[in-house]
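Throughout, protein chains are lettered first and strands after them, A, B, ... in sequence-line order, and every chain is numbered starting at 1.
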Protein chains: 2
Amino acid sequence: MTPAPAIGEVGEYSWHNAKQRLRAAGVRPTRQRVTLVWLLFRNGPRHVTAELLHEEAAKARVPISLATVYNTLHKFTAAGLLREVAVDGRQRYFDTNTSEHHHFLIEDLNGLLDAPTSDLLAVRLPTPPDGYETVRVDVVFRLRRKREAASRIGVELGGN
Amino acid sequence: MTPAPAIGEVGEYSWHNAKQRLRAAGVRPTRQRVTLVWLLFRNGPRHVTAELLHEEAAKARVPISLATVYNTLHKFTAAGLLREVAVDGRQRYFDTNTSEHHHFLIEDLNGLLDAPTSDLLAVRLPTPPDGYETVRVDVVFRLRRKREAASRIGVELGGN
DNA sequence: TTAGATGCAAATGGTTTGCATGCGT
DNA sequence: ACGCATGCAAACCATTTGCATCTAA
């Protein structure tokens, strides 16, 4: 649990940073929201579900009701702090990486991983139907374990 | 409601065709299943939700319980007759087109459309993490209405 | 005859909502 | 003080499940 420096940030991520990020986004920094921002951004990019964040807040000694976690996640998304990723019919993920990028979906673990953009993938936009425009492209690579379990993945998902 | 010839099929789609398709797939052709196959394949490729199919069956005077519709849809998918498409967090779609292709998702109508494969889109596979293999790639183009409503779309969705 | 299919209702699970109370400005 | 934020429980909605009853082979 070494606090690795967040990508795009330098050094540790403080309570104060969290507050500033909220103000900058025009969101009122309440105790719960600051907590969530802190949990979300202190350790670099990650994907969370509402359920997971709810548990983490509890562990961090700042219990937040599940309903508030949902409300907050949506508010953050509207404010541009998060990106919603709807890849499977079950649950929704929220991604702290708001830039255009794509995902691996691990089927058995039901976890998300960023697809490396280094492996540049080219998607040519098909022409949308009349009167409509493409506002977003989501590419999901569904992964399945080859034969023996790859232990590394479990670890990566835990933090991502 | 002109019965357009199905793509890949010639002429009208009969009850008998439906039964054959089921037998060929190794699925026991019960009355309900034949009805569903008929509803699904008589008019070319389409996307359905369980709810929608359930209503159609009722209208077709062959009421089928919603639970059975779900069971059947899954059985069909396992038998390779359908392809499940999970693109948004709400509901699941089943696609009669089982080949590799991608989709337009109309945000406001919450409807699916096949993305024309003619506009050949190239997706370079990023290397999956150790021990995993990519089993499927889904590309979803989220569409939003430009300004004035495009009436044609509503029609297309009705049949697709 | 019998394994498998169906229907119903109840359970599930993620997400949303209504409303009374609390808190940031 | 004011208005938005929070918490709780109940509502919601798509989907699944358990079980008794049918039905295709």
Among side-chain atoms of Asp138(A) and His103(A), is any donor-acceptor pair under 3.5 angstrom? no
Indicate whether OP1 or OP2 belonging to dG7(D) is found under 4.0 Å from a side-chain N or O atom of Gln32(A). yes
To the nearest Å, how far apart are Leu22(A) CG and dA5(D) C1'? 13 Å
Looking only at atom P, what distance separates dT15(D) and dA11(D), rounded to whole Å? 22 Å
What is the distance from CG of Leu53(B) to P of dT6(C), rounded to the nearest Å? 13 Å
Establish, from distance only, whether the side-chain atoms of His47(A) and Asp114(A) form a donor-acceptor pair under 3.5 Å. yes
Do side-chain atoms of Arg46(A) reach the backbone of Leu39(A) as a donor and acceptor pair under 3.5 angstrom? yes
Would you say Arg33(A) places a side-chain N or O within less than 4.0 Å of OP1 or OP2 belonging to dT6(D)? yes
Does this structure show an ion pair linking Glu51(A) with Arg92(A), if we count only N-O contacts that are shorter than 4.0 Å? no
Reading nucleotides 11-25 of chain D from the 5' end, what letters show protein touch, with B for base, S for backbone sugar-phosphate only, - for no heavy atom under 4.0 Å? ---SBBB------SS
When the distance from CZ of Phe76(A) to C1' of dA5(D) is rounded to whole Å, what number comes out? 12 Å
In whole angstrom, give me the gap between the P atoms of dA10(D) and dA14(D). 22 Å
Side-chain N or O of Ser65(B) closer than 4.0 Å to phosphate OP1/OP2 of dG7(C): yes
Separation of dG7(D) C1' from His54(A) NE2 (nearest whole Å): 10 Å
Between His74(B) and Phe94(B), does a ring-ring contact (aromatic ring centres under 6.0 Å, His included) hold up when you go through it step by step? CA-CA 9 Å; His74(B) 289 140; Phe94(B) 293 86; 5.8 Å; yes
With the threshold set at 4.0 Å, does a side-chain nitrogen-carboxylate oxygen contact exist between Arg144(A) and Glu107(A)? yes
